[in-house]
Amino acid sequence: MRTTARSLTGTALAAVCLGALAAPAAHAGDSGTLEVSPSVAAPGTSVTVSTRACGPNGHGVGDAQALGAGQFKVRPGAHKDLAVGTFRVPEHAKPGSYRIGVVCDNGRTAAGDLMVRHADPTHHPTQHPTHYPTHEGPRGHVKTGVGGSVGPDATRIAAGAAILAGAVAAGTWARRRRADGGRG
């Protein structure tokens with residue numbers, strides 16, 4: 001009975017795994033999604049698009065001709081299987097929704113939408129920043145558990161030695177007590 005149940009369970013598990021592996025191949029010709037950031041932009045704004053449709057190769061050509069921005073290259077991004085490209089919204093772009101597309105070297109396509117809105121002409125910043133912050137790296141030691149990497153810490157060394165000495169003393173006492181109990 002157990003052998004039959006195990007073989008049926010194994011067969012069912014194998015079928016599920018094969019189905020999961022076959023699923024990506026079944027969708028190889030389908031279109032993918034294209035993330036557009038920002039999704040709402042004003043003329044002159046730099047827009048970044050990203051998609052997983054291009055796979056590990058990550059190369060392709062983007063098309064923003066409907067917007068008047070022409071074509072742009074899509075290359076592998078910082079994240080695994082993510083292809084990224086950028087283009088600038090032309091100054092002459094009219095408000096509205098535009099379809100942005102990508103054709104990957106692997107034959108897959110991806111598409112997304114960009115909404116163009118003109119900035120409010122009555123809004124003008126009253127102040128311009130006089131100081132632009134600079135990023136400074138972390139300071140001090142990082143306590144990651146790698147012994148000795150940050151220098152000696154006398155308090156922790158003394159505490160560790162005391163714990164070790166206590167364990168040795170307790171072990172010696174227990175051995176002597178056991179040895180005395182065996183003689184009598």
Side-chain angles (χ1 to χ4, degrees), residues 9 11-146 149-151:
T9 303
T11 304
L13 184 59
V16 169
C17 290
L18 287 175
L21 291 174
H27 298 289
D30 293 348
S31 295
T33 59
L34 185 70
E35 297 292 326
V36 181
S37 179
S39 60
V40 178
T45 303
S46 181
V47 177
T48 302
V49 298
S50 60
T51 183
R52 295 192 186 283
C54 295
N57 181 21
H59 290 278
V61 177
D63 180 11
Q65 291 181 12
L67 179 64
Q71 293 185 336
F72 55 94
K73 292 185 179 185
V74 177
R75 295 190 172 103
H79 298 289
K80 184 179 180 181
D81 295 338
L82 192 66
V84 179
T86 59
F87 65 91
R88 185 168 300 281
V89 177
E91 293 294 333
H92 60 73
K94 297 186 190 259
S97 180
Y98 295 89
R99 192 74 169 165
I100 309 299
V102 168
V103 177
C104 303
D105 287 354
N106 65 5
R108 293 195 65 195
T109 61
D113 293 318
L114 172 68
M115 178 65 72
V116 174
R117 290 194 184 146
H118 288 275
D120 182 8
T122 61
H123 175 71
H124 298 286
T126 55
Q127 292 182 334
H128 296 284
T130 56
H131 172 72
Y132 296 95
T134 58
H135 176 72
E136 293 184 23
R139 295 180 183 209
H141 298 293
V142 179
K143 296 180 180 178
T144 60
V146 178
S149 66
V150 294

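Count residues from 1 along the sequence.
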- [ ] Measure across Ala53 and Cys104 and return the closest heavy-atom pair with its distance rounded to 0.1 Å.
- [x] C-SG, 3.8 Å
Task: Closest heavy-atom pair and its distance - Val36, Val49 - done: CG2-CG1, 4.1 Å
Task: Counterpart residues, salt bridge (charged side-chain N to carboxylate O under 4.0 Å, His left out), relative to Asp105 (two or more places apart) - done: none
Task: Test side chain to side chain donor-acceptor pair (under 3.5 Å) applied to Arg75 - qualifying residues, sequence neighbours left out - done: none
Open item on the list: For Arg117, is the CZ atom crowded, meaning more than 12 foreign heavy atoms sit under 6.0 Å from it?
Closed with: no
Task: Qualifying side-chain hydrogen bond (donor to acceptor under 3.5 Å, both in side chains) pairs with a residue from residues 40-55, counting only residues at least two apart or across chains - done: none
For a quick test of your reading: what N or O donor-acceptor pairs under 3.5 Å do the side chains of residues 83-98 make, sequence neighbours left out?
unit_1: Arg88; atom_1: NH1; unit_2: Gly44; atom_2: O; d: 2.5
unit_1: Tyr98; atom_1: OH; unit_2: Lys94; atom_2: O; d: 2.8

- [ ] Could you pull out the closest heavy-atom pair between Pro43 and Val116, with the gap in Å?
- [x] CD-CG1, 4.2 Å
Less than 3.5 Å apart, which donor and acceptor atoms pair up between the side chains of residues 54-69 and the rest of the protein, not counting sequence neighbours?
unit_1: Asp63; atom_1: OD1; unit_2: Gln65; atom_2: N; d: 2.9

